[in-house]
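Structure record follows, encoded as structure tokens.
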Amino acid sequence: MAQALLSAVGIGLAGLVATVIFGHLGTDISRHVSFGIFSTLVMLLAHSMMMFYLIGKGKAVKDAMAEHHVTGDYYQRIAAARKPVFSIGTLAMAATMVTAILGASVDTGVLPAIVHGMISYGAIACNLAAIKIEVDALLASARIVDEVNRLLES
């Protein structure tokens, strides 16, 4: 599941970068808009599913600890690992949505394209930061789940 989520985030990020390239070229605005809408939806889905996945991992660890009377700080560690994902993931989603919404303002002539373009760079930077934090959280949660599984097996 983690690989699928990371793949979705990667596809969404590649789509956002392609959208920026199409926007700079300015030759095919309909492709720019189509890629932008699709990539925005993929990124929103991927980041929100990542958050739900990490919530589920934490609940699974908490339930396993309670069911098998395991003591330790495993749940606190997994909660600490996933905590930054919620803030940076929300920021990345917000920046991506704002970029898409402001793109419509450019299309109607209300906003200059440079503003939309600069915000798009910020959205890509936020998404790159989110991916790094999400990968770190997935790796940490996998290690913690492995530790708990080893305890349960012994």
Side-chain angles (χ1 to χ4, degrees), residues 1-63 73-149:
M1 182 64 167
Q3 294 87 351
L5 292 171
L6 288 175
S7 296
V9 171
I11 289 168
L13 183 63
L16 290 179
V17 170
T19 301
V20 168
I21 292 168
F22 288 134
H24 278 292
L25 293 175
T27 56
D28 194 356
I29 297 303
S30 64
R31 184 170 288 167
H32 169 74
V33 171
S34 297
F35 269 62
I37 291 170
F38 178 74
S39 300
T40 296
L41 293 175
V42 169
M43 290 306 286
L44 296 176
L45 176 67
H47 286 308
S48 61
M49 291 304 297
M50 184 75 70
M51 292 176 195
F52 281 112
Y53 177 75
L54 290 169
I55 289 170
K57 279 275 199 180
K59 180 158 177 25
V61 167
K62 186 177 183 178
D63 291 348
D73 65 343
Y74 302 105
Y75 177 72
Q76 289 80 12
R77 286 173 45 210
I78 207 164
R82 74 177 182 211
K83 185 178 179 184
V85 171
F86 295 100
S87 57
I88 190 67
T90 302
L91 179 64
M93 288 190 296
T96 304
M97 285 188 293
V98 166
T99 302
I101 293 166
L102 291 180
S105 298
V106 171
D107 191 43
T108 59
V110 174
L111 189 71
I114 189 74
V115 174
H116 171 63
M118 295 308 286
I119 293 172
S120 72
Y121 295 140
I124 289 174
C126 286
N127 280 291
L128 283 171
I131 290 170
K132 189 233 181 280
I133 300 237
E134 288 167 349
V135 167
D136 292 345
L138 288 171
L139 291 172
S141 67
R143 281 191 302 271
I144 294 165
V145 167
D146 287 344
E147 288 178 37
V148 170
N149 285 338

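Both backbone and side-chain heavy atoms feed into the values below; hydrogens, waters and symmetry mates do not.
For the atom pair L13 CG and M43 CE, the distance stands at 5.5 Å (nearest 0.5 Å). The SG atom of C126 sits 11.5 Å away from the CD1 atom of I131 when rounded to the nearest 0.5 Å. Distance CG/L5 to CE/M49: 6.5 Å, rounded to 0.5 Å. Distance check, rounded to the nearest 0.5 Å: OG1 of T99 to OH of Y121 gives 11.5 Å. Atom-to-atom distance recorded for L139:CG and R143:CZ is 6.0 Å, nearest 0.5 angstrom. Here the OG1 atom belonging to T96 is positioned 10.5 Å from the CD1 atom belonging to I101, to the nearest 0.5 angstrom.
At distances below 3.5 Å, at least one donor-acceptor pair connects side-chain atoms of S48 with backbone N or O atoms of L45.
Side chains of F22 and T19 form no contact here, defined as non-hydrogen atoms less than 4.5 Å apart.
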- What's the verdict on side-chain contact (heavy atoms from CB on, under 4.5 Å) for N127 and I124, showing C-alpha distance, side-chain angles and the deciding distance? CA-CA 5 Å; N127 280 291; I124 289 174; 5.7 Å; no

message: Would S105 and L102 count as a side-chain contact (heavy atoms from CB on, under 4.5 Å) here? Give the steps.
response: CA-CA 5 Å; S105 298; L102 291 180; 4.3 Å; yes

H47 and V85: side-chain contact (heavy atoms from CB on, under 4.5 Å), yes or no, with the steps? CA-CA 9 Å; H47 286 308; V85 171; over 6 Å; no

- Task: Check the pair L138, Y53 against side-chain contact (heavy atoms from CB on, under 4.5 Å), reporting the backbone distance first and the verdict last.
- Result: CA-CA 9 Å; L138 288 171; Y53 177 75; 3.5 Å; yes

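Across all non-hydrogen atoms, the minimal contact from I78 to G58 is CG2-CA, 3.7 Å. In terms of heavy atoms, M50 sits closest to L6 at CE-CD2, 4.0 Å. Considering every non-hydrogen atom in both R82 and L54, the closest pair reads NH1-O, 3.4 Å. For F35 against G15, the heavy-atom pair with the smallest separation is CD2-O, 4.3 Å. Of all non-hydrogen atoms in A8 and V42, the two that sit nearest each other are O-CG1, 3.4 Å. Between I144 and Y74, the shortest heavy-atom contact is CG2-O, 3.7 Å.
Ring planes of H116 and H32: perpendicular class, angle over 60° (limits at 30 and 60°).
When the options T27, D28, V33 are evaluated for a side-chain contact (heavy atoms from CB on, under 4.5 Å) with R31, the one that passes is D28.
More than 12 non-hydrogen atoms from other residues, nucleotides or ligands lie less than 6.0 angstrom from CZ of F86.
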